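So the structure is just underneath, and the comments pick up after that.
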Number of protein chains: 2
Amino acid sequence: MSSVTNLKTDKYESNRRDAIRAAASVFAAKGYHGASTSDIAAELGIKQGSLYHYIKSKEEALYEVCILGIEDYVSRMKSIASSRQSPEAKLLAVVTSHLASYREKNEAMKVHNDERLYLPKERRGELKRLGSLYRTLLEEILQSGIDAGSYRSDIDVEFVAKTMIGVCNSWGHHLVRYPELDMFEVVQKCADYFVHGLVETAR
Amino acid sequence: MSSVTNLKTDKYESNRRDAIRAAASVFAAKGYHGASTSDIAAELGIKQGSLYHYIKSKEEALYEVCILGIEDYVSRMKSIASSRQSPEAKLLAVVTSHLASYREKNEAMKVHNDERLYLPKERRGELKRLGSLYRTLLEEILQSGIDAGSYRSDIDVEFVAKTMIGVCNSWGHHLVRYPELDMFEVVQKCADYFVHGLVETAR
DNA sequence: GACGAATTCTATAGATCTATAGATTATTTA
DNA sequence: TAAATAATCTATAGATCTATAGAATTCGTC
């Protein structure tokens with residue numbers, strides 16, 4: 001009885017997820033305002049009006065896409081942060097995870113980055129919370145590297161975290177636009193550059 | 001006689017520039033597709049239809065805004081690149097110039113970064129050329145720093161240039177969104193971080 | 001002040017686009 | 001298989017929005 005109901009619900013939920021993914025793909029390609037609900041429906045192979053069986057509005061679709069994008073991203077960060085590795089290894093893992101999210105065609109992440117500000121402020125609270133959490137966890141990794149004596153003690157942890165996130169997003173866009181780029185090479189170079197900078201380091 | 005003609009022409013050209021700047025401001029705030037020609041006209045204090053006295057189409061406005069944004073940016077880079085300073089000083093000047101462009105409410109630059117891909121490919125040739133020129137000049141500065149022995153000889157100059165541009169754009173967005181940020185502090189930290197990275201450097 | 005040119009306005013045609021309502025088809029369940 | 005439920009479709013109201021045409025106004029020059 002209740003299993004029957006769940007089956008139906010599950011089907012609906014699965015279709016709904018497909019709709020959100022289609023929206024992510026279309027928003028990533030055309031931007032929120034540049035994309036129409038017809039585009040999303042076409043991506044799903046249904047008619048424009050039918051889409052509203054799964055979403056209440058185009059704006060709700062954007063919200064769901066943003067949540068989808070950042071949830072994965074934050075949950076991966078959580079598991080890295082709580083793992084038993086050196087700060088250096090964690091840092092490498094963070095960069096890998098961040099860039100892999102882009103490469104795995106996780107269009108939702110690009111949409112979160114580029115389009116979330118088109119949501120009304122009232123709807124951005126949860127996104128903001130998750131984004132701050134991500135940055136805080138990254139800052140803790142950096143701080144533990146400083147405490148362990150691996151990193152300079154005079155760096156501004158918040159500044160470095162924001163810069164690293166900026167770099168990862170920037171290279172994430174490159175990775176999406178230029179599929180021939182080797183992701184692991186980019187990860188390697190980012191990590192090396194974050195750590196060593198431009199000048200020769202005494203070893 | 002011809003001075004009369006020029007006066008008139010100049011007035012028109014000056015108004016046209018104002019229109020492009022208004023478009024830049026509106027596109028920066030709402031995105032290309034999210035902004036309407038009415039918004040641009042309102043920013044100028046004229047009616048929607050009147051705008052077409054100065055632009056042929058909304059798309060042309062986007063093109064002009066992008067050109068405006070990147071031209072300044074490239075010309076400043078040119079003068080830095082050809083100046084007689086050390087590579088280190090040039091690098092600092094580049095970062096300053098880049099971030100100052102954002103702070104000076106040069107919305108055109110933000111629009112160039114975020115919206116230029118909505119132009120049809122045929123119209124992006126010149127933008128691409130200017131963007132490549134910018135990066136090439138930055139790479140030359142980096143290379144001269146390597147040649148002078150100031151920087152590590154094993155860095156990938158193209159990679160570092162792209163990364164630096166990504167960082168500057170990322171902080172540029174922060175500077176636009178958070179007016180309370182101290183630009184010179186950001187410049188300082190970016191430059192320090194570019195050069196030294198996370199680990200203590202032997203001096 | 002009068003003429004011509006430049007600028008701005010009003011009005012609108014013609015394309016969108018979102019969201020909804022109700023009919024239709026497909027799928028489950030009994 | 002018949003009834004109930006879910007998924008999709010068609011059609012459309014009501015808001016846009018872009019670009020144009022032609023009228024009205026302002027400006028510069030003589």
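Sequence lines set the chain letters: A, B, ... in the order given, protein chains first and strands last, and positions in each chain run from 1. From a predicted model like this one, the values you see are computed outputs, not experimental measurements.
A straight line from CG of Leu44(B) to P of dC9(C) spans 10 Å, rounded to a whole angstrom. Distance Asn15(B) CG to dT7(C) C1': 9 Å, rounded to the nearest Å. Taking atom OH of Tyr12(A) as the reference point, atom P of dT8(D) lies 11 Å away to the nearest angstrom. Rounded to an integer number of Å, the gap from NE2 of His33(A) to C1' of dC17(D) is 14 Å. Rounded to an integer number of Å, the gap from CG of Leu51(B) to C1' of dT10(C) is 16 Å. Atom-to-atom, CD1 of Ile46(A) to P of dA6(D) comes out at 17 Å; the value is rounded to the nearest Å. Per the geometry, NZ belonging to Lys58(B) stands 15 Å off P belonging to dT16(D), to the nearest Å. The interatomic distance linking Tyr52(B) (OH) with dA21(D) (P) rounds to 13 Å, in whole Å.
Considering only the side chain of His53(A), dA6(D) comes nearest among dA6(C), dA6(D), dC17(D). Considering only side-chain atoms of Lys11(A), the nucleotide from dT7(C), dT28(C), dC17(D) that sits closest is dT28(C).
Within a 6.0 Å radius of CZ in Arg21(A), no more than 12 heavy atoms belonging to other residues, nucleotides or ligands are found.
In summary, the aromatic rings of Trp171(B) and Phe159(A) are positioned with their centroids under 6.0 Å apart.
Side chain of Ser132(A) to main chain of Lys128(A): a donor-acceptor pair is present (N/O by atom type, distance under 3.5 Å, no hydrogens or angles). Side chain of Arg103(A) to main chain of Leu175(A): a donor-acceptor pair is present (N/O by atom type, distance under 3.5 Å, no hydrogens or angles). Here the side chain of Ser50(A) pairs no donor or acceptor atom with the backbone of Ile46(A) at under 3.5 angstrom.
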Distances under 3.5 Å only, N/O to N/O: pair up the protein atoms with those of nucleotides 22-25 of chain D.
none

Might you list the N or O atoms of the protein lying below 3.5 Å from N or O atoms in nucleotides 10-12 of chain D, with each pair's distance?
none

Could I get a table of every N or O pair under 3.5 Å where one atom is in the protein and the other is in nucleotides 24-26 of chain C?
none

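Between Asn169(A) and His98(A), the side chains place a donor N or O and an acceptor N or O closer than 3.5 Å (distance only, hydrogens not considered).
The aromatic rings of Tyr32(A) and Tyr118(A) sit parallel, their planes meeting at an angle under 30°, below the 60° perpendicular limit. Ring geometry for Tyr193(A) versus Phe194(B): interplanar angle under 30°, hence parallel rather than tilted (30 to 60°). By the 30° and 60° cut-offs, the orientation of the rings of Tyr102(B) relative to His173(B) is tilted.
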Step-by-step salt bridge (Lys or Arg N to Asp or Glu O under 4.0 Å) determination, Asp182(B) to Lys189(B): CA-CA 11 Å; Asp182(B) 178 339; Lys189(B) 286 179 176 168; over 6 Å; no
Assess whether salt bridge (Lys or Arg N to Asp or Glu O under 4.0 Å) is satisfied between Arg123(A) and Glu59(A), documenting all intermediate values. CA-CA 10 Å; Arg123(A) 261 203 159 153; Glu59(A) 185 190 294; 3.0 Å; yes
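At the phosphate of dT8(D), OP1 or OP2 sits under 4.0 Å from a side-chain N or O atom of Tyr54(A).
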